[in-house]
Every structure is written in C-alpha cells, then in structure tokens.
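The next block holds one structure in the form of structure tokens; read it before the comments.
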Amino acid sequence: GQNIDQPTEMTATEGAIVQINCTYQTSGFNGLFWYQQHAGEAPTFLSYNVLDGLEEKGRFSSFLSRSKGYSYLLLKELQMKDSASYLCAVRLYQTGANNLFFGTGTRLTVIP
Amino acid sequence: GAVVSQHPSWVICKSGTSVKIECRSLDFQATTMFWYRQFPKQSLMLMATSNEGSKATYEQGVEKDKFLINHASLTLSTLTVTSAHPEDSSFYICSARDLGTPIYNEQFFGPGTRLTVL
C-alpha cells in the first residue's frame, strides 16, 4: 500500500517562516502536489514537484527529493489567513490513470 | 483555473434513503473525474476514479454497490450513496482532470458536499 506521512499539527507566529514536511513510500511515483484546504472547503492547488529541487512561487516554496521520498512546503511571511490544513499528495501512475493519494494533512495555526 | 461545481453543497437525509451528488466541470471537458471522502480532521481518501463512458474503478475497501458512480458525459459525474447510514456521513469531494492544463494534469476540486445521515 501507499504510505504518506505529515505532522498532524503545527503552530507558527505571524510573519515567521514554517516548513511542513512530507515523507512518502509509494510505488509508481509521478509527481507530488501540495494543497491548501480551509475547513469545510475544497483543496486548492499550491505547488507541484516532479523533479528534485526547489520550486518557488511567491511566499510558498516546495522541495522534493525522490531518492529520500521526502518533500517539504515552506511558507514565508506567514499571515493569519494561512491558518489551514496543508495536504501533501503523491501522484501515482496506475493502469493508465494518474491518481492522487493524499497524506494525513497538517493543520497549521498561525498566531499573532 | 478550471471550475468544478458540486450539487448539493449539503444534504441531510434519513437512514436507508439514497442520495445523489453531482459533479460538473463548468468550462472544460473532463474524461476523468475522481471521488474522495473526507472524515472530520482527516485527509482525503480516494474512493473511485470515474471515466466517461466506462465503469468506475473503485479503491480497495469501497463498496461499488453502495457508492454508485455514473459518468455519462464529459462534464458530469454523479455519485449515489445507496441506503445511506449514519456512518456514511462525511464530506464528499469530487475532482476533474483538465487535459488542457500545461505540463502536468492537474486535478481541479469541487467545493464538496456535506452529507449527514440521521
């Protein structure tokens, strides 16, 4: 089976930087996504990595190491509105479909 | 980005009844749609992959006779929860793949449907 792990909860201060880690053990890896989800809402796309290295997108950056089965999402200049769950999802190539399997999710609380 | 809608956004039903949830891609054609279930404070669990014009592919542990999926057109997939019970109460989210997106086949998520079975 697929195994994707994230810390359950994190707390950080407004204006600070926070790193959310994701480790995975899967078969047929075909990319890793990070999504943000506010309570009761659908996930929204943040970033995508398929090659090793860092992808930067404004205040958000995501890193991938395929050999280590490891990714992180870096949020800079935290704002109160960044309080949400952050989902790591691995895309697997299975029988012609590219399915997403989600990690446990990390609930981030930003405090003043 | 591409827009996916779901209807209804929330539903309350009695135990034993069936509930149909619609997922529509509004401005693109989706040959593949996905159905997820999310329990409180948990992550999304893929239930099934729905391909237009063919039978859905269900994940292990998901009862295909209980969760009926129909993908009759390139813009509409439906999930019917048959003979719903309180343990089926959950947040159901669909997503659709837009093959027109650049480089990677990103999934676009609907706003979700909150099902409560009394």
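Here the structure is a predicted model, which is why all the values come from computation and not from measurement. Here is the naming used below: chain letters follow the sequence lines, and residue numbers restart at 1 for every chain.
A:Q6 does not touch chain B: none of its heavy atoms, backbone or side chain, sits under 4.5 Å away. The part of B:Q38 that comes within reach of chain A is its side chain, from C-beta onward, which places non-hydrogen atoms under 4.5 angstrom from that chain.
Counted within 6.0 Å of CD on A:Q79, heavy atoms from surrounding residues, nucleotides or ligands total more than 12; the atom is thus considered enclosed. Other residues, nucleotides and ligands contribute over 12 non-hydrogen atoms within 6.0 Å of the NE2 atom of A:H38. No more than 12 heavy-atom neighbours from other residues, nucleotides or ligands sit within 6.0 angstrom of CE on B:M45. Heavy atoms from other residues, nucleotides or ligands lying under 6.0 Å from NZ of B:K66 number more than 12.
Here the options are A:F102, A:F101, A:Y35, the test is side-chain contact (heavy atoms from CB on, under 4.5 Å), and the partner is B:L44; only A:F102 passes.
Going from atom CD of A:E41 over to atom CZ of B:F91 covers 8.0 Å, rounded to the nearest 0.5 Å. Note: A:L100 CG to B:S95 OG = 7.0 Å, rounded to the nearest 0.5 Å. Distance OG/A:S85 to CD/B:Q42: 11.5 Å, rounded to 0.5 Å.
Residues of residues 103-112 of chain A placed with any heavy atom under 4.5 Å of a heavy atom in chain B are listed by number as A:G103, A:T104, A:G105, A:R107.
Taken together through direct or relayed side-chain contacts under 4.5 Å among Ile, Leu, Val, Met, Phe, Trp and Tyr, B:V11 and B:I69 form part of one hydrophobic cluster. In the hydrophobic clustering of ILVMFWY residues, with side-chain heavy atoms under 4.5 Å counting as a link, B:L46 and A:L32 come out together. B:L115 and B:F34 fall into different hydrophobic clusters, defined by Ile, Leu, Val, Met, Phe, Trp and Tyr side-chain heavy atoms under 4.5 Å apart, directly or through other members. Criterion: ILVMFWY side-chain heavy atoms under 4.5 Å apart, direct or through other members. Under it, A:F63 and A:F60 are not part of a common hydrophobic cluster. Residues A:L51 and A:Y72 do not share a hydrophobic cluster, defined by chaining ILVMFWY side chains whose heavy atoms lie under 4.5 Å apart.
Highest contact tally toward chain A, considering only B:S43, B:P111, B:G112, B:G110, is held by B:S43 [criterion: heavy-atom pairs under 4.5 Å].
Nearest approach of B:F109 to A:P43, heavy atoms of both residues: CB-O, 3.8 Å.
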